[in-house]
Every structure is written in C-alpha cells, then in structure tokens.
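The next block holds one structure in the form of structure tokens; read it before the comments.
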Amino acid sequence: MLEIDILTIHPGLFGPFLETAFVGMARTQGAVALGIHDLRDWAGDRHRSVDDSPYGGGPGMVMTPDPMVPAIEDLAGVKGPERRTRVIHLSPQGRPLDQRKLAALASGPPLLLVCSRFEGLDQRILDLAVDEEISIGDYVLSGGEIPAMVLIEGIVRLLPGVLGNPRSIETESFQGGDLLEGPQYTRPPIYRGLSVPQVLRSGDHAAIDAWRRKNAHARTNERRPELLGRAASASTADPDERDRTGLRKD
Ligand code: SAM
C-alpha cells in the first residue's frame, strides 16, 4: 500500500476528491492510504498563523518556517538519509510533471505532499525539510492543493489492481513512451453521417493493432511532433529506452 500524506491550510478542499472514482476505490481496496493534515494544527499562536510579510518588501505573504518545518518533521521525519518518506513541495518552479515521474512515484516510498499558498515558502523550509519540487505546468495557481490532487490522481491509477483492466494503461498517451493515443470510437457505428472505421469492426486484432499504432503516430506527429523526435533520439542512444518507448521500427 502506498502511503500519501498531504499538508495544507485548506484540508476541506480534499473532501469529495478522496471519496470519488478511482481515488475513492483505491482507498477502499487498500491500494493507497491518504492522510490530510491541517498545517494550522502545528501553529503556536492564537491566530494559528502560517505566513508573514517578505523581508526586503514586496507584495503578498510568505509561509514561515514555523509551523511548516516542525509539521513536516512530525509527519515525515527529519530530512536526511534515514528519512523514509519523500517530501515533495508542489511549486511552479519545480521539475515539470510527466508520466515517467508518476510511474516512479507510484512504485516509490511513502510521500508527503506539501501544498503552499500566498507567495510560497520561505527558502529555509525548502533547505531544511523538502526533498524535491514538482510543477504541474508553466502557469501559476493560487495554491498547491489542486497540483497535489493532480499528482495523486495520476499516481493512484497506476497502482496495481486499481484499474479494472491494466491494458487500458498500456495503450494510453505517454504510457508506452512518447506517443499520444489515437482516435477511439464506441457505439453507434454511424453518428450524424460519421462512420466508425471499418477495421475497428472487423474483429481482426492484428489489423486493429496496426491501425491503432499507425494512428497514434499520425496523431502524435500532427499535435506533438517534438515527442516523436524525443523518442527517436532516445531509441538510438539507449536500447533499453527504446523498449520503454514502445516504438517499433515499422
Ligand atoms: N511566488 C511563486 C512563484 O512566483 O513561483 C508562486 C506562488 S503561487 C501563487 C502559490 C502556490 O501555489 C505555490 O507555492 C505552489 O504551492 C502552488 N502552485 C501554483 N502554481 C503551481 C504549479 N504550476 N505547479 C505546482 N504548484 C503550483
């Protein structure tokens, strides 16, 4: 079971998220244990303060080392080689999240996700207590809670037994490598004059696989051509990488 703790000043944001769909199911199945912790529970003053104005002036507030550092240390342990839990701060300045990172997190140690607000964290919190920063994209939100949910949803669906059919992961965008998934169809066979491609209704699984491969390449080439270049250079540089990309020579 993967343990994920979340440290936030808005624990209420996580309510329905924890109960619903795959995250709710994964918790019920025992694939993941999620703990939500209110940072203000560690605050020592009457106002339960967690932030202060920045040294040097400027707009906004910065999250203070107290109570953040003691809260992280209580939940994850003191930073160092002995600490078992990986402490991740969600931040627009972090390493951009991708599918490979999600897979590594899904099979890695317990996680503590630190959600900050305001202008972010005092640098000393990062130095003293955080292992890594992850960004969900090159834009700025008001807090780390939704980025933490992005991370959790991406991780949980990769945990063994959570998705009914594990094959649905294998064929997804980015999963087999740097390819987008191609077009998909369901019933009815004709809708407003648009037909489902005949091959998908043929029952010929080899032909269907070939059609899907071809269309995954075509769609990737049309929408994200840089991904194909990345996969191709990885395949010439490192044969193991080629296996992971799932790209074939044909
Ligand atoms: N002052 C910070 C900066 O310029 O980099 C931005 C702070 S932002 C208003 C407040 C918090 O929201 C961040 O500290 C982070 O926890 C979260 N956040 C905002 N955008 C994010 C992103 N793209 N990825 C991950 N976390 C994000």
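Indexing begins at 1, ligand by ligand and atom by atom, following the structure's order.
In summary, Asp178 and Arg100 engage in a salt bridge, as defined by a charged side-chain N under 4.0 Å from a carboxylate O. The pair Arg86-Glu132 meets the salt-bridge criterion, since a charged nitrogen lies less than 4.0 angstrom from a carboxylate oxygen. Checked for salt-bridge contact, Arg117 and Glu145 meet the test: a charged N lies under 4.0 Å from a carboxylate O.
Atom CG of Asp45 has more than 12 neighbouring heavy atoms from other residues, nucleotides or ligands inside a 6.0 Å radius. Atom CZ of Arg48 has more than 12 neighbouring heavy atoms from other residues, nucleotides or ligands inside a 6.0 Å radius.
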Could you pull out all donor-acceptor pairs under 3.5 Å where a side-chain atom in residues 189-196 meets a protein atom, sequence neighbours excluded?
none

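Listed by chain and number, His89, Leu90, Ser91, Pro92, Gln93, Ser116, Phe118, Glu119, Gly120, Ile134, Ser135, Ile136, Gly137, Tyr139, Val140, Leu141, Ser142, Gly143, Gly144, Pro147 each place a non-hydrogen atom less than 4.0 angstrom from ligand 1.
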